[in-house]
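Contents: one structure, followed by commentary.
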Amino acid sequence: MSFSEQMSQLLTANNLRFLFDGLKLTLYISFVAILLSTIFGTILAVIRNQKHGPLRFIAGTYIEIVRNIPNLLWIYVIFLIFQMKSTPAGIVSFTVFTTAALAEIIRGGLNGVDKGQKEAARSQGFSNFQIIWYVVLPQAIRNVLPAIVSQFVTVIKDTSFLYSVIALQELFGKSYILMGKYAQTGQVFTIYGLVALMYFTINFCISQFSRWLSKSWAKGY
């Protein structure tokens with residue numbers, strides 16, 4: 001079979017639609033996990049950054065345990081022990097792991113904010129909550145934005161684990177299914193190339209947006 005015949009068999013509207021359905025699921029899982037992780041990770045970072053209290057200990061324990069166990073294992077645990085369906089299990093497992101990672105990143109940003117600004121805000125009558133929300137947190141996020149975006153990119157790429165672990169047909173899972181049907185060397189490399197291009201395009205756009213946002217913030221700071 002010639003290469004052109006292989007491509008005509010592979011690059012049909014149905015097959016491309018099949019891949020894009022996987023891409024949509026990848027983006028859905030990633031978006032929900034990133035959104036939840038950002039919220040929970042910020043809360044954990046603020047709690048762990050307190051000087052004392054039981055909540056600080058709990059937050060620290062959660063972060064250390066989760067960060068030091070591979071995400072692959074969390075996917076297994078949540079899927080098998082809690083008997084969740086594949087998509088919710090994927091969202092929860094990535095939220096659990098990414099929350100801990102973002103908490104440490106944001107905590108580093110919180111510690112990097114000049115203490116003098118906190119004292120100045122306190123002298124103006126700001127409450128502790130107002131100091132964190134209006135003074136410290138915006139600067140902390142700005143300082144660690146590249147690391148946060150890097151974590152977001154990692155989430156999108158690591159969703160490729162989900163097919164091998166819990167048979168969730170996200171982008172990589174869909175491509176793997178196609179490779180079982182179209183096994184010619186040229187077809188396999190084409191499928192891998194398409195999937196790589198999709199991942200690259202999404203993550204490159206996110207990285208470019210992050211750079212643009214950082215420059216915009218730097219000008220207005």
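Throughout, numbering of the chain's residues begins at 1 and tracks the sequence.
No continuous path of hydrophobic side-chain contacts links I69 to I58 [ILVMFWY only; heavy atoms under 4.5 Å]. There is a path of hydrophobic side-chain contacts, each under 4.5 Å, that joins L72 to L80. Using a 4.5 Å cut-off between side-chain heavy atoms of Ile, Leu, Val, Met, Phe, Trp and Tyr, with links allowed through other members, I78 and I65 fall into the same hydrophobic cluster. Hydrophobic clustering (ILVMFWY, side-chain heavy atoms < 4.5 Å, transitive): I156 and L36 are in one cluster. At a threshold of 4.5 Å between side-chain heavy atoms, the hydrophobic network of Ile, Leu, Val, Met, Phe, Trp and Tyr places I91 and F82 in two separate groups.
The nearest pair of heavy atoms linking P146 to S210 is CA-OG, 4.4 Å. Scanning both residues, T95 and A33, for their nearest heavy atoms gives OG1-CA, 3.4 Å. Nearest heavy-atom pair across V155 and T98 is CG2-OG1, 3.4 Å. Between L162 and E170 the shortest heavy-atom distance is CB-CG, 4.3 Å. The nearest pair of heavy atoms linking S175 to V195 is CB-CG2, 3.3 Å. Contact record, L110 with A140: N-CB, 3.5 Å, taken as the closest heavy-atom pair.
Side-chain atoms of S37 do not come within 3.5 Å of backbone N or O of I34 as any donor-acceptor pair. Looking at Q151, its side chain never comes within 3.5 Å of a backbone N or O of A147 through a donor-acceptor pair. Between the side chain of N143 and the backbone N or O of G109, no donor-acceptor pair lies under 3.5 Å. Listed for the N15 side chain is no donor-acceptor partner under 3.5 Å among the backbone atoms of L11. The main-chain N or O of A59 is never found under 3.5 Å from a side-chain atom of R48 such that the two would form a donor-acceptor pair. Side-chain atoms of Q50 come within 3.5 Å of backbone N or O of V46 as a donor-acceptor pair.
Between T42 and L102, every side-chain heavy-atom pair lies at or beyond the 4.5 Å cut-off. Between I106 and L137 the shortest side-chain heavy-atom distance falls below 4.5 Å. Using a 4.5 Å heavy-atom cutoff, the side chains of L171 and L25 are not in contact. Counting only heavy atoms from C-beta outward, the side chains of M179 and Y192 approach each other to under 4.5 Å. For the pair Q187 and M7, the minimum side-chain heavy-atom distance is below 4.5 Å. Counting heavy atoms from C-beta outward, L194 and L16 have side chains that approach closer than 4.5 Å.
Note on residues 139-183: pairs passing ring pair (Phe, Tyr, Trp, His ring centres under 6.0 Å), not counting sequence neighbours, are Y163-Y176.
For the atom pair L44 CG and L55 CG, the distance stands at 10.0 Å (nearest 0.5 Å). With rounding to the nearest 0.5 Å, the separation of CD1 in I81 from CH2 in W74 is 9.0 Å. Rounding to the nearest 0.5 angstrom, the gap separating the OG1 atom in T61 from the CZ atom in R56 is 10.0 Å. Here the CD1-OG distance, from I206 to S150, works out to 11.0 Å after rounding to the nearest 0.5 Å. With rounding to the nearest 0.5 angstrom, the CD1 atom of I63 is 9.0 Å from the CD1 atom of I47. Interatomic distance, T38 OG1 to I105 CD1, rounded to the nearest 0.5 Å: 10.0 Å.
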| task | Kindly determine whether F94 and I75 satisfy side chain to side chain contact (heavy atoms under 4.5 Å, CB included), including the steps that lead there. | result | CA-CA 8 Å; F94 274 92; I75 298 172; 4.2 Å; yes
Next on the checklist: Could you go through T99 and Y62, starting from their C-alpha distance and side-chain angles, then the distance that decides it, and tell me whether this counts as side chain to side chain contact (heavy atoms under 4.5 Å, CB included)?
Outcome noted: CA-CA 10 Å; T99 292; Y62 172 87; 4.1 Å; yes
**Message:** Before you tell me yes or no, could you show the steps for N71 and D158 under side chain to side chain donor-acceptor pair (under 3.5 Å), namely the whole-Å CA-CA distance, both residues' side-chain angles and the distance that decides it to 0.1 Å?
**Reply:** CA-CA 9 Å; N71 193 19; D158 285 356; 5.1 Å; no
Residues M198, F20; criterion side chain to side chain contact (heavy atoms under 4.5 Å, CB included); working and verdict = CA-CA 9 Å; M198 290 179 184; F20 276 103; 4.0 Å; yes
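In this structure K24 satisfies the salt bridge (charged side-chain N to carboxylate O under 4.0 Å, His left out) test together with D21, sequence neighbours excluded. Residues passing the ring pair (Phe, Tyr, Trp, His ring centres under 6.0 Å) test with F209, sequence neighbours excluded: W212.
Between the side chains of Q208 and R211, at least one donor N or O sits under 3.5 Å from an acceptor N or O.
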